[in-house]
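Only one structure is covered here, and it is reproduced in the block below.
Because the structure is predicted, anything quoted here is derived from the model rather than measured.
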Amino acid sequence: MLPPIETIIDNFGILDEGPDRYEYLIELGRALPEFPAELLTEENRVHGCESQVWVDSHVDRSEAPPRLHLRGTSDSVITKGLIALVMALHDGKTPQDIAKVDVFQVFKQIGLGAHLTSKRSNGVRAMAERIHRDAIRLAA
């Protein structure tokens with residue numbers, strides 16, 4: 001189970017630059033819930049990522065206000081960690097709150113922004129855009 005985003009940010013704050021941060025990122029990826037094989041579909045695949053990435057989203061309307069819940073996975077351990085960060089930022093939020101999330105601001109805050117390759121940055125952007133589109137679509 002993923003810790004809350006505030007805990008993740010605090011943990012990154014106490015880690016040294018470099019390998020420790022990547023190890024923690026990999027740990028976060030391992031903490032993602034199991035992604036069911038039947039959800040590894042083209043519809044759930046996120047295009048624009050260098051690695052294979054899948055994101056499943058659904059709105060829980062039993063909550064007031066309704067909230068978006070997410071699951072994701074990748075074939076890359078580092079990318080799974082990035083997915084975990086993106087999930088921690090968005091999961092359980094209302095579509096309106098999701099629209100306000102600035103993934104790259106948080107990545108800068110925790111010291112990952114400057115260490116992402118352009119391909120990984122594009123992948124993170126693609127994931128965030130996909131989640132934002134899903135939130136808008138599912139809120140309608």
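Using a 4.5 Å heavy-atom threshold, the side chains of Trp54 and Val46 count as separate. Phe104 is listed as a side-chain neighbour of Ser121, based on a closest heavy-atom distance under 4.5 Å. No side-chain heavy atom of Val55 sits less than 4.5 Å from a side-chain heavy atom of Asn44. Ser51 has its side chain out of reach of Ile78: every pair of non-hydrogen atoms, C-beta onward, lies at least 4.5 Å apart. Put simply, the side chain of Leu39 reaches to within 4.5 Å of the side chain of Arg71, judged on heavy atoms. Side-chain contact between Arg120 and Thr117 is present, with at least one heavy-atom pair separated by less than 4.5 Å. Thr73 has its side chain within reach of Leu40: a pair of non-hydrogen atoms, C-beta onward, lies under 4.5 Å apart.
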Worked verdict on Ile9 versus Glu6 for side chain to side chain contact (heavy atoms under 4.5 Å, CB included)
CA-CA 5 Å; Ile9 290 169; Glu6 297 79 15; 5.8 Å; no

Please evaluate residues Leu25 and Leu112 with respect to the criterion side chain to side chain contact (heavy atoms under 4.5 Å, CB included), reporting the C-alpha separation (whole Å), side-chain torsions for both, the decisive distance (0.1 Å), and the verdict.
CA-CA 10 Å; Leu25 192 62; Leu112 279 182; 4.1 Å; yes

Derivation of the side chain to side chain contact (heavy atoms under 4.5 Å, CB included) call for Val103 and His90
CA-CA 9 Å; Val103 173; His90 294 93; 3.5 Å; yes

Leu68 and Leu70: CA distance, side-chain angles, deciding distance, side chain to side chain contact (heavy atoms under 4.5 Å, CB included) verdict:
CA-CA 7 Å; Leu68 189 71; Leu70 304 159; 3.8 Å; yes

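Considering all non-hydrogen atoms of both residues, Leu85 and Phe12 come closest at CD2-CE1, 4.1 Å. When every heavy atom of Ala88 is checked against every heavy atom of Ile8, the shortest pair comes out as CB-CD1, 3.7 Å. Taking both residues in full, the closest heavy atoms of Ser74 and Gln52 are given as OG-O, 2.8 Å, listed atom of the first, atom of the second, then distance.
Salt bridge absent: Asp60 and Arg67 never bring a charged side-chain N and a carboxylate O closer than 4.0 Å. For Arg30 and Glu27, the salt-bridge test fails: no basic side-chain N is under 4.0 Å from an acidic carboxylate O.
With a 6.0 Å radius and a threshold of 12 heavy atoms from other residues, nucleotides or ligands, Glu34 has its CD atom at or below the threshold. The neighbour count for Glu42 CD, taken as heavy atoms of other residues, nucleotides or ligands under 6.0 Å away, is above 12.
Put simply, the side chain of Lys100 never gets that close to the backbone of Gln96: no donor and acceptor are under 3.5 Å apart.
Arg130 and His132 share no side-chain donor-acceptor pair at under 3.5 Å. Donor-acceptor pairing under 3.5 Å is lacking for the side chains of Asp10 and Thr7.
If you take NE2 on His69 and OG on Ser57, they are separated by 11.5 Å, rounding to the nearest 0.5 Å.
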